[in-house]
Each structure stands twice: as structure tokens, then as C-alpha cells.
Amino acid sequence: FADLANVAGREGGAITAALNMPRIRKLLPLQQMLIVGTVLQAAGAVVMAWAPNIYVAVPAMMVSGMAWISVANSLTVQAQMVLPDWVRARGMSIYQMALMGGASAGSLLWGQIASVFNVPAAVAASSVLGAVLGVLLAALRIFGTTPVLQPILGLVAMLPLLSMAWGNLAAIRQVSF
């Protein structure tokens, strides 16, 4: 079953979403995709964390993978599009540094929370925080932000979920069902 989870799980969802990205982008504008993706990532992570067996976990992993790649791809493309040519390389390096640094710091934070409580509780807390930040992103969008801030706000909203995805969710996938 481990191979099924690795091939059909998160990676399978990411590949499926990547192959259908043009269709997804026609259905959802950027802001809606960020919010929907954040909420789906949160829901998939919670279901995966509390899944009683692999038959429940693998579809949740697929949803999580689809949401992850859709949001990550959209944020990266948007960041590249809004940055002026003369500063694009530096801006993207800062974007990548913030992404990787946030994932590392988040993994440390949520790993400590998981060690005090348990992994499913840490995943649930991270998911709720990510969803709340996603709604905050929507509220900030309603009240207006500059185009340069939009990908940054999206990244901030995704940090708790990205940290779980890169750090602690790997531990969940290794749990035997």
C-alpha cells in the first residue's frame, strides 16, 4: 500500500492538476483559486491526518496535491508577472527564500506542537490557521491591495500549510494503516 499512497496520493493529485491547469484557470480567477486551493489543502490535510485507513487517506492526499500545485504554481506565475524586468530575478529569489524559510520555520513550529500534542492535532491546527489566513487574504483583497502585494499575501496565507506539507505530513504518510 505504500507504493499506492506514494504514486496515487499527493503526487498523483499534483500531476493531475498540473495537466489540467489551463482548464482550472479558466474556471477560477487567481484570487478564487488561491482561496479555494487553501481551503482544499486544509481540508485534505485534516482528512489525511485523521484517516482511519489508506482508502480514506489516499483520496485526501490527491486533493491536497491538487490544491498544493495549483496554488504554488499560481503564486509563482503571478509573482513573476508583477515584478518589473529589472528586479524580477532578485524578487523571485526573495520569494523562494521566503517560501523555503517559511516551510523550515513552520516545520519546526508544527513539529514541536505535534510532539507536545500529536500529529493529527498539529495538522488540524495548521489547517485551521491556513484557512483563516486564506479568508484574511480574501478580506484584504476586497479592501484592496496593490498587485505586488497579492502574491506575497497568498504566500503568507499558505505558509502554515506549506510547512505541514514539507515537514510533518511526511511523517503521516509513513504511518501504517
Side-chain angles (χ1 to χ4, degrees), residues 1-79 99-100 102-103 106-107 109-111 113-114 117-138 141 150-151 153-177:
F1 286 114
D3 290 333
L4 171 69
N6 287 331
V7 174
R10 189 159 186 244
E11 293 81 1
I15 291 168
T16 301
L19 292 174
N20 291 293
M21 192 61 66
R23 286 183 223 148
I24 294 170
R25 285 207 173 111
K26 285 181 184 176
L27 292 172
L28 293 171
L30 175 66
Q31 295 301 321
Q32 288 180 355
M33 185 182 308
L34 295 177
I35 293 165
V36 169
T38 299
V39 170
L40 285 175
Q41 171 73 17
V46 169
V47 170
M48 186 174 26
W50 295 95
N53 57 50
I54 197 165
Y55 304 108
V56 175
V58 170
M61 291 166 67
M62 287 192 77
V63 168
S64 176
M66 292 173 78
W68 168 71
I69 198 66
S70 297
V71 171
N73 179 273
S74 297
L75 286 172
T76 302
V77 168
Q78 186 69 16
L99 183 72
M100 297 305 162
S107 294
L109 169 71
W110 294 110
I113 292 171
F117 298 100
N118 59 39
V119 173
V123 172
S126 174
S127 297
V128 168
L129 179 61
V132 167
L133 288 173
V135 171
L136 176 63
L137 170 67
R141 176 65 178 139
Q150 290 172 8
L153 291 172
L155 176 63
V156 168
M158 285 298 294
L159 283 178
L161 300 174
L162 289 169
S163 69
M164 291 304 296
W166 291 112
N168 298 325
L169 288 182
I172 293 171
R173 289 179 55 177
Q174 295 174 7
V175 173
S176 298
F177 289 103

Run the side chain to side chain contact (heavy atoms under 4.5 Å, CB included) test against [X] and tell me which residues pass, sequence neighbours left out.
| X | value |
| --- | --- |
| Val77 | Arg25, Asn73, Met81 |
| Val63 | Leu40 |
| Ala125 | Trp110 |
| Ala18 | none |

- Query: Can any side-chain N or O of Ser64 pair as donor or acceptor with the backbone N or O of Ala60 at less than 3.5 Å?
  - Reply: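 Pair absent, no side-chain N/O of Ser64 close to backbone of Ala60.
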Once you round to the nearest 0.5 Å, how far does [atom1] of [X] lie from [atom2] of [Y]?
| X | Y | atom1 | atom2 | value |
| --- | --- | --- | --- | --- |
| Leu75 | Leu99 | CG | CG | 9.0 Å |
| Met62 | Met48 | CE | CE | 12.5 Å |
| Gln32 | Ser74 | CD | OG | 12.0 Å |

- List for me each residue that meets side-chain hydrogen bond (donor to acceptor under 3.5 Å, both in side chains) alongside Thr16, sequence neighbours excluded, and say none if there are none. none
- Item | Residues which pass side-chain hydrogen bond (donor to acceptor under 3.5 Å, both in side chains) with Asn20, listed by chain and number, not counting sequence neighbours | Arg23
Of the non-hydrogen atoms in [X] and [Y], which two are nearest, and what is the gap between them?
| X | Y | answer |
| --- | --- | --- |
| Ile113 | Ala122 | CG2-CB, 4.0 Å |
| Ala45 | Ser127 | CB-OG, 3.5 Å |
| Val71 | Thr38 | CG2-N, 4.1 Å |
| Ala121 | Trp50 | N-CZ2, 3.9 Å |
| Ala14 | Ile69 | O-CG2, 3.4 Å |

- Query: Under the criterion side-chain contact (heavy atoms from CB on, under 4.5 Å), which of Leu28, Ile24, Val36 is the partner of Ser70?
  - Reply: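 Going through Leu28, Ile24, Val36 one by one, the side-chain contact (heavy atoms from CB on, under 4.5 Å) with Ser70 is satisfied by Ile24 alone.
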